[in-house]
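Report on the following structure.
Chain identifiers are assigned alphabetically (A, B, ...) following the order of the sequence lines, protein sequences preceding nucleic acid strands; residue numbering begins at 1 within each chain. Only a predicted model underlies this, so the values are computations on that prediction, with no experimental measurement involved.
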Amino acid sequence: MIYTMFAKWVQGYRDLPILMNQWANVMRWEMRTRLFLRTAEFLWQEGHTAHETEAEAEEEALKMLGVYRTFAENFMATPVITGRKTDSERFAGALRTYCIEAMMQDNKALQAGTSHNLGQNFSKVFDLKFQGRDGTVQYAWNTSWGVSTRLVGSLIMTHSDDDGLVLPPRLAPTVAVIVPIFKTDEEKVIVLETADAIYKELKSKGFRVKIDTRDNMSPGAKYFEWELKGVPLRIEIGPKDVANKTVVIVPRIALDSQEAPKPGRKQKLFVNMDDLFDKVEALSVELQAQLLKNAITRREANTIRGVKSYEEMKEIFSKGEGAFVYAGWNGDPAIEAKVKEETKATIRCIPDAEFRSANAPDKCLISGEPAKHEVIWAKAY
RNA sequence: CGGGGCGUGGCUCAGCCUGGUAGAGCACCUGGUUCGGGACUAGGGGGUCGGAGGUUCGAAUCCUCUCGCCCCGACCA
């Protein structure tokens with residue numbers, strides 16, 4: 001449909017480049033579905049472009065991969081590895097398929113987004129031609145790229161812990177929840193008045209905040225409930241706080257800048273009411289960064305480089321879900337098939353330079369032949 | 001499509017083998033005491049046991065059929 005329209009719209013090089021983006025619900029026949037990661041119906045975003053030159057298309061494909069990476073890292077706090085797919089994992093009609101790969105907490109890999117340089121494959125099928133600067137008629141160069149609601153799954157599986165969901169502040173519908181604490185009726189009046197003032201102040205400054213005034217629940221029960229829902233910051237305010245003009249802020253995850261909490265405990269930060277807004281803003285920024293940092297640390301701790309033999313790699317994948325294993329590969333699809341058969345691990349990508357090992361292996365781990373690429377092996381969702 | 005499992009108050013499940021007054025925890029309602037990490041206590045409401053048929057004096061329980069859901073495999077973003 002999109003290429004049919006492209007073919008009608010594009011006559012000369014001045015009509016290029018052209019871009020169409022759409023959000024659409026997609027239905028797929030899936031024998032086995034998995035919540036968020038593989039559903040029979042899902043919402044996705046797909047973009048398509050047509051360009052005058054191959055170089056321009058390549059640039060676009062890489063640019064969009066970068067956009068996805070930025071969103072994953074800066075908003076979802078989910079670190080990703082950018083790279084290229086091998087021929088066997090490449091999108092059928094593409095020249096090259098690029099991807100962002102994330103590691104979940106069970107060490108399995110999840111493809112979080114893709115971007116394809118389609119070459120002229122589609123333009124030839126749909127007769128998408130234009131008259132070039134030199135007067136000759138040429139086929140356009142295409143790209144396509146997409147992400148889906150699978151990103152929701154990756155966010156959940158990257159950050160959540162035994163207490164429940166953990167949401168990055170930049171995406172959390174509620175960034176902070178205020179829990180008032182009181183015993184007597186007199187305390188209730190005072191505390192609620194102050195808590196409400198704080199609530200209104202934060203809200204008026206554009207902060208996404210909620211106040212939990214339910215009186216049929218103990219404060220502790222509320223803490224657990226909001227933690228379960230992944231709210232990044234909790235603001236506790238009780239009679240003592242009102243008297244001291246302070247509040248207690250409890251971050252959803254431990255922050256490196258604060259003293260480590262005792263096991264089973266959470267960090268409690270005593271904050272002056274006067275600079276509450278600045279503090280809350282700073283803490284949400286810090287928490288956002290902490291999430292990304294924790295996820296990178298976890299990924300690197302479960303990444304294995306310098307594997308000596310295929311036997312060693314098989315050993316790694318025989319235990320639990322394994323790891324990201326960096327190894328040399330001779331470029332032979334038969335090797336991929338063999339490893340998949342024997343370990344269930346596949347080549348997730350040929351990583352970009354930034355992610356390659358300092359001293360990349362020069363031999364294929366499986367065949368012993370000279371390595372064409374350093375690749376990442378992992379079990380995938 | 002092949003293999004396995006499950007349907008019992010709102011939720012999670014026990015009871016079924018060996019038929020005999022439908023249960024527990026959570027949730028809900030009322031009172032009292034509580035409230036800075038999931039409150040306690042006393043009382044209370046709520047269930048055609050997925051559906052149909054059969055066996056039996058008697059079926060949540062045994063038999064037959066049927067509907068729905070879940071898990072595993074191949075498949076796949």
Can you pull out the residues from residues 266-280 of chain A that lie within a 4.0 Å heavy-atom distance of RNA chain B? A/Lys266, A/Lys268
Given A/Trp9 and A/Met20, is the side chain to side chain contact (heavy atoms under 4.5 Å, CB included) satisfied, shown in steps? CA-CA 12 Å; A/Trp9 293 334; A/Met20 276 192 83; 3.7 Å; yes
Residues in side-chain hydrogen bond (donor to acceptor under 3.5 Å, both in side chains) contact with A/Glu73, at least two apart in sequence or another chain: A/Arg69
Sorted by chain and number, sequence neighbours left out, side-chain hydrogen bond (donor to acceptor under 3.5 Å, both in side chains) with A/Asp163 holds for A/Lys266
What about the rings of A/Phe6 and A/Tyr3, do their centers lie closer together than 6.0 Å? yes
With heavy atoms under 4.0 Å as the rule, sort A/Glu227 into base, sugar-phosphate or nothing. base
Residues clustered with A/Ile335, ILVMFWY side-chain links under 4.5 angstrom: A/Ile304, A/Val307, A/Tyr310, A/Met313, A/Ile316, A/Phe317, A/Val325, A/Trp329, A/Val339, A/Ile347, A/Ile350, A/Leu365, A/Ile366, A/Val375, A/Trp377
With a non-hydrogen cut-off below 4.0 angstrom, is A/Leu37 in contact with a base, only sugar-phosphate, or nothing? base
Side-chain hydrophobic cluster, 4.5 Å single linkage: members besides A/Leu95: none
Dump the pairs, protein N or O against N or O of nucleotides 68-72 of chain B, anything under 3.5 Å, distances to one decimal.
from  : atom 1 : to      : atom 2 : distance (Å)
B/C72 : N4     : A/Arg32 : NH2    : 3.1

NA contact type, A/Val248, heavy-atom cut-off 4.0 Å: base, sugar-phosphate, or nothing? base
Kindly write out the residues that satisfy salt bridge (Lys or Arg N to Asp or Glu O under 4.0 Å) with A/Lys108, not counting sequence neighbours, or none if the list is empty. none
Considering residues at least two apart in sequence or located in another chain, which fulfil the side-chain hydrogen bond (donor to acceptor under 3.5 Å, both in side chains) criterion with A/Tyr13? none
Any residue meeting salt bridge (Lys or Arg N to Asp or Glu O under 4.0 Å) with A/Lys129, in chain and number order, not counting sequence neighbours: A/Asp127
Minimum side-chain heavy-atom gap A/Glu58-A/His51 below 4.5 Å: no
Within residues 250-259 of chain A, the residues having a heavy atom closer than 4.0 Å to RNA chain B are A/Val250
Should side-chain heavy atoms under 4.5 Å link Ile, Leu, Val, Met, Phe, Trp and Tyr, which residues sit in the same cluster as A/Leu43? A/Trp23
Identify whether any heavy atom of A/Phe42 sits under 4.0 Å from a base atom; if not, whether one sits that close to sugar-phosphate; answer base, sugar-phosphate or nothing. base
Tabulate protein N/O versus nucleotide N/O from nucleotides 33-35 of chain B, keeping only pairs under 3.5 Å, one per line.
from  : atom 1 : to       : atom 2 : distance (Å)
B/C35 : O2'    : A/Phe182 : O      : 3.2
B/C35 : N4     : A/Lys183 : O      : 3.3

